[in-house]
J.: 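Take this structure first; my questions come after.
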Amino acid sequence: MYDNNNIFAKIIDGKIPCKKIYEDKDVLFFEDINPVSKIHILGIPKVKCVDFSDFISGYHKDVVANFFQKADEVIEKLGIKENGYRIISNSGVDGGQEVPHFHIHILGGEKIGAKIR
Ligand code: AMP
């Protein structure tokens with residue numbers, strides 16, 4: 001069940017500020033408030049979805065594809081394509097998910113090594 005009061009829903013609604021990297025009507029990419037690497041960006045689709053599986057199974061493939069294509073454009077814009085990066089999506093209790101709105105972490109700007117988020 002999607003919680004309309006989760007912090008990312010409030011960020012999408014503009015009720016809580018964020019440092020935007022890219023936004024359009026469907027997606028938002030912004031800086032993580034507690035970065036674990038030199039570049040640490042969060043990417044979210046604006047549709048209501050709790051986690052990865054909820055997003056994939058709940059929305060049309062065009063919506064899903066658009067989100068990941070936009071993520072790739074952001075990666076290009078960040079200048080981290082050549083050196084590499086890591087994409088993570090935590091899901092549920094075992095995955096360590098804190099915010100119940102599907103999101104990806106884009107980590108880069110340095111060697112990420114064994115760091116996980
Ligand atoms: P997860 O554990 O995958 O749910 O990650 C949630 C992420 O959201 C964490 O890396 C937090 O640092 C980040 N976060 C929480 N609140 C905010 C906020 N207001 N602005 C930006 N990032 C946030």
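One-based numbering, in listed order, for ligands and for the atoms of each. Count residues from 1 along the sequence. If you're wondering where the values come from, they're calculated on a predicted model, not measured in any experiment. Side-chain atoms are counted along with the backbone in the values below, which use heavy atoms only and exclude waters and symmetry mates.
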J.: Between H105 and ligand 1, which part of the residue brings a heavy atom under 4.0 Å of the ligand: side chain, backbone, both or neither?
T.: side chain

J.: Do any side-chain atoms of residues 41-48 form donor-acceptor pairs under 3.5 angstrom with protein atoms, and if so which ones, sequence neighbours left out?
T.:
{"from": "K46", "atom 1": "NZ", "to": "E23", "atom 2": "OE2", "distance (Å)": "2.8"}
{"from": "K46", "atom 1": "NZ", "to": "D24", "atom 2": "O", "distance (Å)": "2.7"}
{"from": "K48", "atom 1": "NZ", "to": "N4", "atom 2": "OD1", "distance (Å)": "3.0"}

J.: Return the NE2 to CD1 distance between H103 and I11, rounded to the nearest 0.5 Å.
T.: 10.5 Å

J.: Please compare H103, H40, H101 and report which has the shortest non-hydrogen distance to atom 3 (O) of ligand 1.
T.: H103

J.: Could you check N83 against K111 for side-chain contact (heavy atoms from CB on, under 4.5 Å), going step by step and ending with a plain yes or no?
T.: CA-CA 9 Å; N83 280 355; K111 232 184 201 359; over 6 Å; no

J.: So for ligand 1, is I11 a polar contact partner (N or O within less than 3.5 Å, distance only)?
T.: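 I11 vs ligand 1: no N/O contact under 3.5 Å.
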
J.: Counting only nitrogen or oxygen atoms and a 3.5 angstrom limit, does G96 reach ligand 1?
T.: yes

J.: Please could you name the atoms of ligand 1 that D32 approaches to less than 4.0 Å, counting only its heavy atoms?
T.: 7 (C), 8 (O), 9 (C), 10 (O), 11 (C), 12 (O), 13 (C), 22 (N)

J.: Quick check, are the ring centers of F67 and Y59 under 6.0 angstrom apart?
T.: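 No, too far apart.
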
J.: Using a 4.0 Å cut-off to any heavy atom of E31, which atoms of ligand 1 qualify?
T.: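 The list of qualifying atoms is 21 (C).
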
J.: Does the residue K19 have a heavy-atom contact with ligand 1, meaning some pair of atoms that are separated by less than 4.0 Å?
T.: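 The answer is no, since K19 has no heavy atom less than 4.0 Å from ligand 1.
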
J.: Would I7 count as being in polar contact with ligand 1, using the rule that some N or O on each side must be under 3.5 angstrom apart?
T.: no

J.: Which atoms of ligand 1 sit under 4.0 Å from any heavy atom of N34?
T.: 12 (O)

J.: Can you sort out which atoms of ligand 1 are near L42, meaning under 4.0 Å from one of its heavy atoms?
T.: 8 (O), 13 (C), 22 (N)

J.: Hey, can you tell me if F102 and F55 have their rings parallel, tilted or perpendicular (30° and 60° cut-offs)?
T.: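 It falls in the parallel class, under 30°.
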
J.: Side chain, backbone, both or neither: which part of F102 has a heavy atom under 4.0 Å from ligand 1?
T.: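 Contact part for F102 vs ligand 1: neither.
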
J.: Any chance you could measure K77, atom NZ, to D72, atom CG, to the nearest 0.5 Å?
T.: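 These two atoms lie 14.0 Å from each other.
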
J.: Can you confirm, on distance only, whether ligand 1 has an N/O atom lying under 3.5 Å from any N/O atom belonging to N90?
T.: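 By distance alone, the answer is yes.
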
J.: Mind running side-chain contact (heavy atoms from CB on, under 4.5 Å) on V99 and Q97 for me, showing each step along the way?
T.: CA-CA 6 Å; V99 180; Q97 183 177 8; 5.7 Å; no

J.: Which distance, rounded to the nearest 0.5 Å, do you find between the CD of E76 and the CD of E82?
T.: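 The CD atom of E76 sits 10.5 Å away from the CD atom of E82.
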
J.: Residue-level breakdown please: for I88 versus ligand 1, do any non-hydrogen atoms fall below 4.0 Å on the side chain, on the backbone, on both, or on neither?
T.: neither

J.: Go through the structure and list residues passing ring-ring contact (aromatic ring centres under 6.0 Å, His included) with H101, not counting sequence neighbours.
T.: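 With neighbours one apart ignored, the set is Y2.
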
